[in-house]
Amino acid sequence: MKKENTVKSHRDFDRIIHSGVKVKSTHFSLFGVKSDAGCARVGVAVGKSNGKAVVRVRIKRQVRAMIAKAMDWTWPVDIIIVIRPTYSPGEFASLEIELTTLLDKAKELLN
């Protein structure tokens, strides 16, 4: 993901989570809000209940790779993806399908 396509600030995370559309699945919670910018921005949050730092970084890398494949970057939206503790890094293919369907549901709700 490019630098302009990431949500970094704590203020933006809070704004998107508290005022956006919520879509949940078994392993992910997705929060989205329409944006005035011309491109999509994505943030990934992994809590300490998912494991130690090495595991959390691995999960973030996997989710960013999934997003790079599935995301339409011209879609003007800000998205936060929260990883639930049930996420298992060893099940990449099935989790990628789950995240893709979750993004499709969010796209329907935000259009």
Side-chain angles (χ1 to χ4, degrees):
M1 288 187 332
K2 295 180 182 177
K3 196 172 192 174
E4 62 266 7
N5 292 336
T6 60
V7 177
K8 289 280 188 184
S9 73
H10 184 70
R11 180 178 291 155
D12 286 342
F13 266 77
D14 283 344
R15 177 184 56 85
I16 296 166
I17 288 173
H18 293 295
S19 66
V21 173
K22 183 192 295 188
V23 183
K24 288 185 176 184
S25 71
T26 307
H27 304 292
F28 304 101
S29 292
L30 188 140
F31 302 89
V33 66
K34 286 188 178 182
S35 171
D36 294 336
C39 64
R41 295 188 323 152
V42 179
V44 180
V46 183
K48 289 186 178 182
S49 60
N50 288 80
K52 296 194 178 209
V54 175
V55 175
R56 294 193 308 265
V57 170
R58 181 177 179 201
I59 291 171
K60 277 188 176 184
R61 274 189 274 125
Q62 284 185 349
V63 173
R64 283 191 208 117
M66 293 175 199
I67 293 169
K69 279 186 180 179
M71 191 68 184
D72 176 18
W73 296 108
T74 60
W75 180 35
V77 68
D78 291 340
I79 292 177
I80 301 296
I81 299 172
V82 179
I83 312 302
R84 293 178 160 206
T86 58
Y87 185 95
S88 175
E91 303 170 3
F92 185 82
S94 63
L95 292 170
E96 185 174 16
I97 293 168
E98 182 180 338
L99 184 61
T100 304
T101 57
L102 201 64
L103 285 169
D104 291 340
K105 285 181 189 177
K107 194 165 191 170
E108 290 175 9
L109 292 173
L110 289 169
N111 282 334

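- Listed by chain and number, the residues in a side-chain contact (heavy atoms from CB on, under 4.5 Å) with Ala70 are Thr100, Leu103 (sequence neighbours excluded).
- Val33 and Leu109 are not part of a single hydrophobic cluster, where members link through side-chain heavy atoms under 4.5 Å apart.
- Residues meeting the side-chain contact (heavy atoms from CB on, under 4.5 Å) test with Val82, sequence neighbours left out: Ser29, Phe31, Ala45, Ile80.
- Note that the CD atom of Gln62 and the CG atom of Leu95 stand 7.5 Å from one another [nearest 0.5 Å].
- No path of Ile, Leu, Val, Met, Phe, Trp and Tyr side chains, each step under 4.5 Å between heavy atoms, connects Ile16 with Leu102, placing them in separate hydrophobic clusters.
- By the criterion of side-chain heavy atoms lying less than 4.5 angstrom apart, applied directly or through intervening Ile, Leu, Val, Met, Phe, Trp or Tyr residues, Trp75 is grouped together with Phe28 in one hydrophobic cluster.
- By the side-chain contact (heavy atoms from CB on, under 4.5 Å) test, Ile97 pairs with no residue at all, sequence neighbours left out.
- Hydrophobic clustering (ILVMFWY, side-chain heavy atoms < 4.5 Å, transitive): Leu110 and Val42 are in one cluster.
- Between Val46 and Tyr87 the shortest side-chain heavy-atom distance does not fall below 4.5 Å.
- Here the closest non-hydrogen pair linking Asn5 and Ala40 is OD1-O, 3.1 Å.
- Side-chain heavy atoms closer than 4.5 Å link hydrophobic residues (I, L, V, M, F, W, Y) into clusters, and following such links, even through other members, never connects Ile67 to Val57.
- A 6.0 Å sphere centred on NZ of Lys105 holds no more than 12 heavy atoms belonging to other residues, nucleotides or ligands.
- Legend: residues meeting ring-ring contact (aromatic ring centres under 6.0 Å, His included) with Phe13, ordered by chain and number and at least two apart, are absent.
- The CD1 atom of Ile81 sits 11.0 Å away from the CZ atom of Arg64 when rounded to the nearest 0.5 Å.
- Its side chain outside the 4.5 Å cluster rule for every partner, Val54 clusters with none of the Ile, Leu, Val, Met, Phe, Trp and Tyr residues.
- A side-chain hydrogen bond (donor to acceptor under 3.5 Å, both in side chains) check over residues 40-55, counting only residues at least two apart or in different chains, returns the pairs Asp12-Arg41, Arg41-Asp78.
- When all heavy atoms are compared, the tightest approach of Gly51 to Arg56 is O-NH1, 2.7 Å.
- Panel note: side chain His27, backbone Thr86; a donor-acceptor pair is recorded below 3.5 Å.
- Glu98 contributes no side-chain N or O that, together with a main-chain N or O of Ser25, makes up a donor-acceptor pair within less than 3.5 Å.
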